[in-house]
Amino acid sequence: MSIFPRLLPSFYLRDDVVQIGKDLLGKVLVTDFDHQISAGIIVETEAYRAPDDKACHAYLNRKTKRTKTMFETGGTAYVYLCYGIHHLFNVVTAKEGIAHAVLIRAIEPLENIKVMLKRRGMEQVKPQLTAGPGVMTKALGISKDHNGINLCDPASKVWIEDHSIQVSEEEIIKSPRVGIDYAEECALWDWRFRIKDNRFTSKAK
DNA sequence: CACGGGATCGTCT
DNA sequence: GACGATCCCGTGT
């Protein structure tokens with residue numbers, strides 16, 4: 001039982017996914033699997049927005065079996081397999097029918113570091129424990145089995161909390177998103193957000 | 001520290 | 001049948 005409030009649907013239902021990507025910095029991502037709570041402070045995100053963003057899976061509102069989740073209501077988890085190996089965790093935003101999402105790329109470990117180390121097969125805490133979208137999900141025990149769950153559902157095993165951690169605009173580094181060179185002019189948009197000087201953000205390009 | 005390549009499989013063409 | 005919203009390890013400096 002946590003004393004911190006979960007983010008409400010009103011947080012996720014807003015239209016501006018770029019703003020939500022910034023607002024998620026400093027919020028706390030929590031999982032509760034096998035009676036093990038583990039959590040970390042979100043320190044890096046990327047925004048993706050249909051229909052105009054060529055880097056978004058749902059570009060031009062393309063509806064496929066995979067992208068279907070992105071059209072769900074804000075607060076839904078969108079988890080998919082990348083490069084056949086890594087499970088990437090996104091938060092769907094905006095109301096149902098609008099395919100916006102924020103990719104959570106890195107967290108700063110906060111609670112139950114022991115279980116995170118175990119899930120990663122590591123002994124010591126290093127940035128690579130949770131810095132990077134694929135390793136972060138592994139540390140928290142998130143997999144594509146969690147695709148489509150609602151983070152606002154009180155019964156959900158994955159959610160995001162507000163610990164009143166303030167991240168000012170000056171502390172946010174804005175840069176182009178990673179690994180989307182194919183997205184032409186959209187590849188230049190500064191839709192990647194990191195907390196300045198935080199060692200648990202993934203490496204700059 | 002920079003780089004290059006292999007792993008590995010779901011998704012869409 | 002090609003490719004990816006990645007990671008890790010090896011090599012070389």
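Throughout, protein chains are lettered first and strands after them, A, B, ... in sequence-line order, and every chain is numbered starting at 1.
Between the OH atom of Tyr48(A) and the P atom of dA5(C) there is a distance of 7 Å, given to the nearest Å. Summarising the geometry, the separation between CZ on Arg120(A) and P on dT6(C) is reported as 15 Å, rounded to the nearest angstrom. What separates CZ of Phe193(A) from P of dA5(C) is a distance of 18 Å, to the nearest Å. One can place OH of Tyr182(A) at 13 Å from P of dT13(B), the figure rounded to the nearest angstrom. Between the NZ atom of Lys126(A) and the P atom of dC8(C) there is a distance of 10 Å, rounded to whole Å. Protein atom NZ of Lys54(A) is 18 Å distant from nucleotide atom C1' of dC3(C), rounded to whole Å. Between the P atom of dA5(C) and the CZ atom of Arg194(A) lies a distance of 19 Å, rounded to the nearest Å. Between the CG atom of Asn147(A) and the P atom of dA5(C) there is a distance of 16 Å, given to the nearest Å.
Neither side chain, Gln36(A) nor Asp32(A), offers a donor N or O lying under 3.5 Å from an acceptor on the other. Side-chain atoms of Ser38(A) and Arg119(A) form a donor-acceptor pair, as typed in the model, at a separation below 3.5 Å. Judged purely by distance below 3.5 Å, without hydrogens or angles, the side chains of Thr69(A) and Glu72(A) never pair a donor atom with an acceptor atom.
Looking only at side-chain heavy atoms (C-beta outward), Glu46(A) and Val178(A) come within less than 4.5 Å of each other.
With hydrogens and angles disregarded, a donor-acceptor distance shorter than 3.5 Å links the side chain of Thr45(A) to the backbone of Gly21(A).
Taking CG from Leu81(A) and NE2 from His87(A), the interatomic distance works out to 5.0 Å, rounded to the nearest 0.5 Å.
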Taking only nitrogen or oxygen atoms into account, show me every contact under 3.5 Å that the protein makes with nucleotides 5-11 of chain B, one pair per line with its distance.
| unit_1 | atom_1 | unit_2 | atom_2 | d |
| --- | --- | --- | --- | --- |
| dT8(B) | O2 | Tyr83(A) | O | 2.5 |

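Ion pair Arg199(A)/Glu108(A) not flagged as a salt bridge, since none of the NZ, NE, NH1 or NH2 atoms sits closer than 4.0 Å to an Asp/Glu carboxylate oxygen. Glu169(A) has a carboxylate O that lies under 4.0 Å from a charged side-chain N of Lys22(A), or vice versa, which qualifies the two as a salt bridge.
The residue from His57(A), Arg49(A), His100(A) that alone fulfils the side chain to side chain contact (heavy atoms under 4.5 Å, CB included) condition with Met70(A) is His57(A).
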**Report entry** Bracket string, DNA chain B, 5' to 3' - pairs by Watson-Crick or G-U geometry under 3.5 Å, | interstrand
**Finding:** |||||||.||||.

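OP1 and OP2 of dG4(C) both lie 4.0 Å or more from every side-chain N or O belonging to Arg177(A). Contact annotation: Arg192(A) side-chain N/O to dA5(C) OP1/OP2 distance is not under 4.0 Å.
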